[in-house]
2 protein chains.
Amino acid sequence: MVSGISTRKRSNAVSRSERKDLTRANLLQAALTLMGEGRSFTSLALREIAREAGVAPTAFYRHFRNTDELGLALVEEVGITLRRLLREARKMDVAPRDMLRRSVSVYQDYVKLNRLQFVFISSERSGGSRILRLAIRNDVTHFTHEMAQDFRLRGLYANLPTSSLQMVCSMIVMTMLAAATDILDLPPHQPLLEAEMSENFVRQLKIILFGATRWDEDLAALSAKPGRKDEG
Amino acid sequence: MVSGISTRKRSNAVSRSERKDLTRANLLQAALTLMGEGRSFTSLALREIAREAGVAPTAFYRHFRNTDELGLALVEEVGITLRRLLREARKMDVAPRDMLRRSVSVYQDYVKLNRLQFVFISSERSGGSRILRLAIRNDVTHFTHEMAQDFRLRGLYANLPTSSLQMVCSMIVMTMLAAATDILDLPPHQPLLEAEMSENFVRQLKIILFGATRWDEDLAALSAKPGRKDEG
DNA sequence: ACACATTGTGTATGACTGTTCACTGAAAAG
DNA sequence: CTTTTCAGTGAACAGTCATACACAATGTGT
């Protein structure tokens, strides 16, 4: 029963498990599509998803116990997407002149390419089902940690203590997610608006990175000669 | 019909419009309560809201055309809450030593005091109904602008150009909203966790403020002697 | 005192929901 | 070839939904 390759039918026709995986993917895609039309995940009905996937409502149960379980499967897909993004970022040169700007550009393209998945992240990260929210936040936290690790490995901001680096990365991720919402809401074919958005995005990241280094410097100065005021 | 005070019944009993306002408030509160139990707004049913408010489903129509309209009324309430927060912040001394820390503390208390409204903001700012999302973003933008104006009036970061100040404020607001989610998810009676969260919050704001000033300095230096690298 | 306006109720209706069950047909296994 | 497995079907169920309508109760204006 559980044999990798069929015994008597190595034909070109699709195998049963392949068909199953296909309708499963159709169900996931159907949910994403419906959310892309401005629906929240918790408001999606099982029958509705099945209908969009072109399948009888009862077929849903062959793949997921309920809609929440489908949601978790979606989160898993999202996790893969985020890991791919990191891998893509890792392929970039270490420190060319406009690395930040190029990173932003890569990210924007990535969001537009995986539009529906980012719609899903943005919508459900702070809303609706509790288990979904927690699962997404878990993925995002993981992403943040991996980013910090990449910074370390590449010697970026090597003078920052780990806790500061973690914080910087979490702020970067926060900014990225906020930017994703903007990218998704952007009307298509508006290069001017898009350029302005990119510019803002780059600025925000610069502020964070500059602030982090300077804050660290001030901390060092503070421990050297205490009593200095640290705000204003 | 539209007279401020009843002509013949100035008694202690509640007037008709008072009753109406009360059930209206009950409906709004009911929606917030249901969302506080982890539901997304778009998944709330009219009948459900009416039931929670202790009123017949059909009574709903005396106050709102549909649930979306109730959502917009909630957004209006939220707008008032945000304006109250700004007013409260304005009452603080101009520049005591630990102004930032105190602002954070005030904000945390405010979020906890208006918990359900912040749950609503956090959930619906990026999810579900399009018109609701836009309405909330509008309120948040307004809040950001008012904050920038307050900074100007108090002479804070007076050296920053307006565009930078706007950006700093939008980053502050972004951080505040992210912090709100953390505050809301915080299990009660965990002073250690809460203190750590506050500390992180303060750090993040410092990074933004430091980064903004330094970025501005670097911009000035850049225009003075161009050719300086601006990243690393 | 009387007529009107308005808030809230109860019932009804047709559509949609999640879930069950017995089933079909074809791939997989023997 | 025969048998088994199993993804997908279609009918049926009880429940909830939004909405419409006639109606009741009561504050309000004349």
Side-chain angles (χ1 to χ4, degrees), chain A residues 1-31 34 37 39-73 128-129, chain B residues 1-31 34 37 39-73 128-129:
Chain A
M1 171 196 174
V2 186
S3 63
I5 297 172
S6 106
T7 50
R8 56 186 296 175
K9 184 147 199 297
R10 268 185 308 132
S11 75
N12 55 351
V14 288
S15 77
R16 189 139 77 179
S17 67
E18 279 171 332
R19 277 217 177 279
K20 175 163 187 180
D21 288 355
L22 198 138
T23 65
R24 189 190 131 103
N26 282 345
L27 286 168
L28 291 171
Q29 182 59 40
L34 289 170
E37 292 167 3
R39 311 275 312 276
S40 80
F41 180 79
T42 43
S43 75
L44 294 187
L46 182 151
R47 292 179 96 102
E48 204 175 0
I49 298 171
R51 201 182 311 134
E52 176 75 27
V55 107
T58 44
F60 185 97
Y61 293 105
R62 302 291 181 194
H63 303 273
F64 308 103
R65 204 190 304 278
N66 48 44
T67 49
D68 271 337
E69 208 169 271
L70 179 139
L72 290 178
S129 158
Chain B
M1 170 196 175
V2 185
S3 63
I5 297 172
S6 104
T7 50
R8 55 184 295 174
K9 185 145 198 300
R10 270 184 306 132
S11 74
N12 53 352
V14 287
S15 78
R16 190 139 74 179
S17 67
E18 279 171 332
R19 275 217 179 279
K20 176 162 188 180
D21 289 355
L22 199 137
T23 64
R24 188 189 133 103
N26 282 344
L27 286 169
L28 292 171
Q29 182 59 40
L34 289 170
E37 291 166 4
R39 311 276 311 278
S40 79
F41 180 78
T42 42
S43 75
L44 295 186
L46 182 151
R47 294 178 93 100
E48 207 175 359
I49 298 171
R51 200 182 309 134
E52 176 75 27
V55 108
T58 44
F60 185 97
Y61 293 104
R62 302 292 182 194
H63 303 273
F64 308 102
R65 203 190 304 276
N66 47 45
T67 48
D68 271 337
E69 207 169 274
L70 178 139
L72 290 178
S129 158

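For the atom pair OG1 (B:T67) and CD (B:E48), the distance works out to 11.0 Å, reported to the nearest 0.5 Å. Rounding to the nearest 0.5 Å places OG of B:S17 at 12.5 Å from CZ of B:R24. One distance of note links NE2 of B:H63 with CG of B:L28; it measures 9.5 Å at 0.5 Å rounding. To the nearest 0.5 Å, atom NZ of residue A:K20 and atom OG of residue A:S15 are 12.0 Å apart.
As a whole-Å value, the separation of B:L22 CG from C:dT6 P is 20 Å. Here D:dA18 presents its P atom at 12 Å from CG of B:L70, a figure rounded to the nearest Å. Between the CD atom of B:E52 and the P atom of D:dC17 there is a distance of 13 Å, rounded to whole Å. For B:F60 and D:dC17, the CZ to P distance is 13 Å, given to the nearest whole Å. Separating the CZ atom of A:R62 from the C1' atom of C:dC21 is a distance of 11 Å, rounded to the nearest angstrom. Remark: P of D:dG8 and CG of A:D21 are 10 Å apart, rounded to the nearest angstrom. Rounded to whole Å, atom C1' of D:dT28 lies 14 Å from atom CD of B:E18. In this structure, the CG atom of B:D68 is 13 Å from the C1' atom of D:dA18, given to the nearest Å.
In this structure, B:R16 does not reach the D:dG29 phosphate: none of its side-chain N or O atoms is under 4.0 Å from OP1 or OP2. B:R51 has a side-chain polar atom (N or O) that falls below the 4.0 Å cut-off from OP1 or OP2 of D:dC17. Between D:dG8 and A:T23, a contact under 4.0 Å exists linking OP1 or OP2 to a side-chain N or O.
Comparing B:A56 and A:S17 along DNA chain C, the residue whose closest nucleotide (by nearest heavy atom) sits nearer the 5' end is B:A56. Closest-nucleotide positions on DNA chain C for A:T58 and A:E48 were compared, and the one nearer the 5' end corresponds to A:E48. Across the interface with DNA chain D, nearest-nucleotide mapping of B:R19 and B:R47 shows B:R47 to be the residue nearer the 5′ end.
Between B:N66 and B:E69 there is a side-chain heavy-atom pair separated by less than 4.5 Å.
Contact annotation for B:A59: base contact, defined as any heavy-atom pair under 4.0 Å involving a base atom. Among the atoms of the strands shown, none is found under 4.0 Å from any heavy atom of B:R65.
Comparing D:dA12, D:dG8, D:dA18 against the side chain of A:V55 picks out D:dG8 as the nearest. Distances were taken from every side-chain heavy atom of B:Y61 (C-beta onward) to each of D:dT9, C:dT19, D:dT19; the shortest belongs to D:dT19.
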